[in-house]
Amino acid sequence: MATSRDTTADADAVQLEVYRRMSSAQRTAIGNQMAIDARKTIVAGIRARHPEYDEAAARWGLFRLLYGDELFKRAWPNAPLIEP
């Protein structure tokens, strides 16, 4: 099994054991929170690159990054094609 590159093997083993003891609902909640946090980080990066964007424009940029131009245009044909 691969270990984290940013921590010791002992710390990695402890973290793995903690995850193994969690219920599937707890692991799912952690994964969901990680996804929410990642999206917030991406939106913050978009806003940093484009300070003129409001929250809505930054979210369009996020969706474009997540889904790619083809699916973005199919899902939201009238949405602005915001540069992420």
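Using a 4.0 Å cut-off between charged side-chain N and carboxylate O, Arg59 and Glu55 make no salt bridge.
With sequence neighbours left out, Phe72 forms a ring pair (Phe, Tyr, Trp, His ring centres under 6.0 Å) with Trp60, Trp76. Checked against side chain to side chain contact (heavy atoms under 4.5 Å, CB included), Arg49 has the following partners two or more places apart in sequence or in another chain: Ile46. Every residue two or more places apart in sequence or in another chain that forms a side chain to side chain contact (heavy atoms under 4.5 Å, CB included) with Glu52 is listed here: His50.
Within 6.0 Å of atom CD in Glu70, 12 or fewer heavy atoms from other residues, nucleotides or ligands are found, so the atom counts as exposed in its surroundings.
Pairing each heavy atom of Arg27 with each of Arg20, the nearest pair is NH1-O, 4.2 Å. Nearest heavy-atom pair across Pro84 and Gly61 is CB-O, 3.8 Å.
Of the possible polar contacts, one joining the Tyr53 side chain to the Glu83 backbone as a donor-acceptor pair under 3.5 Å is found.
Proximity of Arg64 to Ile82: side-chain heavy atoms (C-beta onward) are nowhere separated by under 4.5 Å.
Met34 and Ile42 fall into different hydrophobic clusters, where Ile, Leu, Val, Met, Phe, Trp and Tyr residues are linked whenever their side-chain heavy atoms come under 4.5 Å apart, directly or through other members. Cluster membership check: Ile30 shares its hydrophobic cluster with Val18, using side-chain heavy-atom separations under 4.5 Å among Ile, Leu, Val, Met, Phe, Trp and Tyr. Residues Leu16 and Val14 fall into different hydrophobic clusters, defined by Ile, Leu, Val, Met, Phe, Trp and Tyr side chains chained together at heavy-atom separations under 4.5 Å.
Of the inter-residue distances, the one linking Arg39 atom CZ with Leu66 atom CG reads 5.0 Å to the nearest 0.5 angstrom. The distance from the CD atom of Gln15 to the OG1 atom of Thr8 is 10.5 Å, given to the nearest 0.5 Å.
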